[in-house]
2 protein chains.
Amino acid sequence: MALENPTLQTPVTTADKVFQRMLHAIVEGHIPAGSKISEPELAKQYQISRSTLREALNRLEKCHLIERKPNIGSKVVECSIEGLLEIYVVRESLEGMACRQAAMYMTDREISEMKDILTQHASMQALKEGTAYYQEEGDLDFHYKVILGSHNQQLINILCGQLYHLVRMYRCQFGMNSPRASKAFEEHSRIIEAIADRDGELAEILMRRHIAASRKNIENKIAEKNSNTH
Amino acid sequence: MALENPTLQTPVTTADKVFQRMLHAIVEGHIPAGSKISEPELAKQYQISRSTLREALNRLEKCHLIERKPNIGSKVVECSIEGLLEIYVVRESLEGMACRQAAMYMTDREISEMKDILTQHASMQALKEGTAYYQEEGDLDFHYKVILGSHNQQLINILCGQLYHLVRMYRCQFGMNSPRASKAFEEHSRIIEAIADRDGELAEILMRRHIAASRKNIENKIAEKNSNTH
DNA sequence: ATTTTTTAAATTGTCGACAATATAGTGGGT
DNA sequence: ACCCACTATATTGTCGACAATTTAAAAAAT
């Protein structure tokens with residue numbers, strides 16, 4: 001049931017497989033954020049040559065999950081509050097636009113599919129047992145569908161191909177994300193309504209508010225924490 | 001005077017140098033859009049091994065200038081009208097947000113520097129001899145400064161590190177871009193005013209209109225061309 | 001003549017080794 | 001004891017060769 005990133009190709013080459021394994025390892029923190037990557041060590045660990053490992057590293061770099069400096073090496077990206085807020089700013093603008101485009105270009109079939117997904121989420125939430133699921137994968141499901149609905153390959157690449165790996169990484173590592181389950185669900189419903197009405201302008205505004213609310217929620221938590229220590 | 005892409009590092013490794021040479025070659029069309037890339041042939045041409053060529057190809061892929069399919073090979077991206085319009089949509093949202101952030105976070109020094117640049121452009125335009133320059137590099141200068149002024153690393157990476165290579169490629173290959181010199185200059189001035197006033201909301205709106213106007217200008221040209229053939 | 005099979009050539013993916021650069025450790029000087 | 005220069009070690013960048021896969025061409029069958 002847990003939906004994967006829709007832009008993830010089925011791995012065909014061994015470098016692909018190692019890339020996906022490392023992707024999960026980094027997102028879930030098994031390879032710690034900020035840690036240096038030793039090519040010889042990892043190559044031995046995955047039982048592959050250094051060349052194919054470097055191929056995998058290149059793809060991780062494409063997702064902005066690692067950073068490489070010439071003649072120095074690769075490091076897993078750090079997870080900072082500032083970095084998280086930066087991502088929310090980008091998401092607000094890009095997903096807002098994706099939502100506007102989705103209202104224009106989504107097929108009726110795609111819209112009804114999205115409604116179905118939301119209904120599923122609703123029943124899970126009603127049972128009060130899928131809350132965690134909705135917060136995690138369910139929320140991603142919804143956002144993925146909207147992004148794909150834009151039918152804009154650039155938007156899809158940037159959001160699903162790069163940014164959302166980082167989003168998942170932050171969610172795993174910080175844990176404290178999207179603690180607004182019921183509100184978020186309500187907002188998702190309104191967004192779908194706007195898309196179904198083909199009201200792109202409203203859809204964009206609602207999506208931007210939805211993401212901005214999450215960002216402000218985090219900013220508040222930070223402010224709280226800071227005021228507690230003083 | 002012609003400003004380069006601000007995120008382009010000074011090349012240190014040979015793969016870097018080949019990457020930059022190929023970058024220019026693709027942007028300027030010396031390596032034709034849509035053409036297949038033969039690794040052995042290019043490696044011989046640049047006098048390097050296939051491994052380092054592949055390293056360069058990976059970076060080109062990161063900029064979305066080439067596309068790779070496993071076991072099949074690399075192709076230079078095609079330049080289609082639809083692709084160009086997609087980029088404008090992304091730019092409208094991202095640069096709009098960058099402009100909003102710039103109004104919040106640009107330093108006074110950065111703002112005055114940007115005013116200086118615009119004054120330079122103004123004198124060139126008045127002399128009626130720098131029109132071409134302003135349309136090409138001058139316009140990019142301005143947009144680069146705004147993007148950097150957002151002080152948001154994610155925005156900077158996506159726009160300067162990836163999207164703007166494609167923008168330059170389309171400008172070179174289609175030629176018919178930003179034919180709105182005087183209007184564009186006027187719009188740039190208003191945007192800087194809004195940033196200097198620290199009015200993020202207005203700055204975003206103006207930037208979005210500025211880019212949307214370019215997009216509509218292109219859409220109109222296409223529509224014209226189509227109606228002429230009928 | 002057209003389509004399918006088989007075979008040969010070319011291209012991409014992967015490997016291990018060497019060269020260039022950076023890091024760590026040692027010794028000498030103040 | 002501290003700082004600098006030098007040496008040794010380890011890591012990254014680059015290379016050429018081999019294996020796996022795809023593409024092209026040739027042969028066989030209908």
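Computed over heavy atoms, backbone and side chain alike; hydrogens, waters and symmetry mates excluded. Below, chain A is the first sequence line, B the second, and so on; all start at residue 1.
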Peer 1: Report the residues that fulfil side-chain contact (heavy atoms from CB on, under 4.5 Å) with A:Ile158, sequence neighbours left out, ordered by chain and then residue number.
Peer 2: A:Leu94, A:Gln162, B:Val90, B:Ile158

Peer 1: Measuring from A:Ile191:CD1 to A:Leu118:CG, what's the distance to the nearest 0.5 Å?
Peer 2: 10.0 Å

Peer 1: Counting only heavy atoms and a strict 4.0 angstrom limit, can you tell me which residues of residues 54-67 of chain A come near DNA chain D?
Peer 2: A:Arg54

Peer 1: Below 3.5 Å is the cut-off: list the nitrogen or oxygen pairs between protein and nucleotides 15-20 of chain C, distance only.
Peer 2:
residue	atom	partner	partner atom	Å
C:dC15	OP2	A:Ser49	N	3.0
C:dC15	OP2	A:Thr52	OG1	3.4
C:dC15	N4	A:Ser51	OG	3.3
C:dG16	O6	A:Ser51	OG	3.3

Peer 1: Indicate whether OP1 or OP2 belonging to D:dT12 is found under 4.0 Å from a side-chain N or O atom of A:Lys36.
Peer 2: yes

Peer 1: List the steps and the verdict of salt bridge (charged side-chain N to carboxylate O under 4.0 Å, His left out) for B:Lys62 and B:Glu67.
Peer 2: CA-CA 9 Å; B:Lys62 248 185 67 174; B:Glu67 290 165 348; over 6 Å; no

Peer 1: Does a salt bridge link B:Glu61 with B:Lys75, judged by any charged N lying under 4.0 Å from a carboxylate O?
Peer 2: no

Peer 1: Suppose the criterion is side-chain hydrogen bond (donor to acceptor under 3.5 Å, both in side chains): which pairs have a residue in residues 36-46 of chain A, not counting sequence neighbours?
Peer 2: A:Glu39-A:Arg50, A:Glu39-A:Arg54

Peer 1: DNA chain C: A:Pro70 or A:Asp16, which has the more 5' nearest nucleotide?
Peer 2: A:Asp16

Peer 1: Within this structure, what is the CG-OG distance for the pair B:Leu42 and B:Ser74, rounded to the nearest 0.5 Å?
Peer 2: 9.5 Å

Peer 1: To the nearest angstrom, how far is A:Ile72 atom CD1 from C:dT21 atom C1'?
Peer 2: 10 Å

Peer 1: Can you label the angle between the A:His210 ring and the A:His188 ring as parallel, tilted or perpendicular, going by 30° and 60°?
Peer 2: perpendicular

Peer 1: Rounding to 10°, can you tell me the angle the first-five-pair axis of the helix from C:dA1-D:dT30 to C:dT30-D:dA1 makes with its last-five-pair axis?
Peer 2: 10°

Peer 1: Quick one: pull up CE in A:Met106 and NZ in A:Lys145 and give me the separation to the nearest 0.5 Å.
Peer 2: 8.0 Å

Peer 1: From NZ of A:Lys69 over to C1' of C:dA22, roughly how many Å is that when rounded to an integer?
Peer 2: 13 Å

Peer 1: When the distance from CG of B:Leu42 to P of C:dT11 is rounded to whole Å, what number comes out?
Peer 2: 12 Å

Peer 1: Can you list everything that forms a ring pair (Phe, Tyr, Trp, His ring centres under 6.0 Å) with A:Phe19? Sequence neighbours excluded, please.
Peer 2: none

Peer 1: Do B:Asn152 side-chain atoms and B:Gln101 backbone N/O form a donor-acceptor pair below 3.5 Å?
Peer 2: no

Peer 1: Hey, what do you get for OH (A:Tyr88) to CG (A:Asn217), rounding to the nearest 0.5 Å?
Peer 2: 8.5 Å

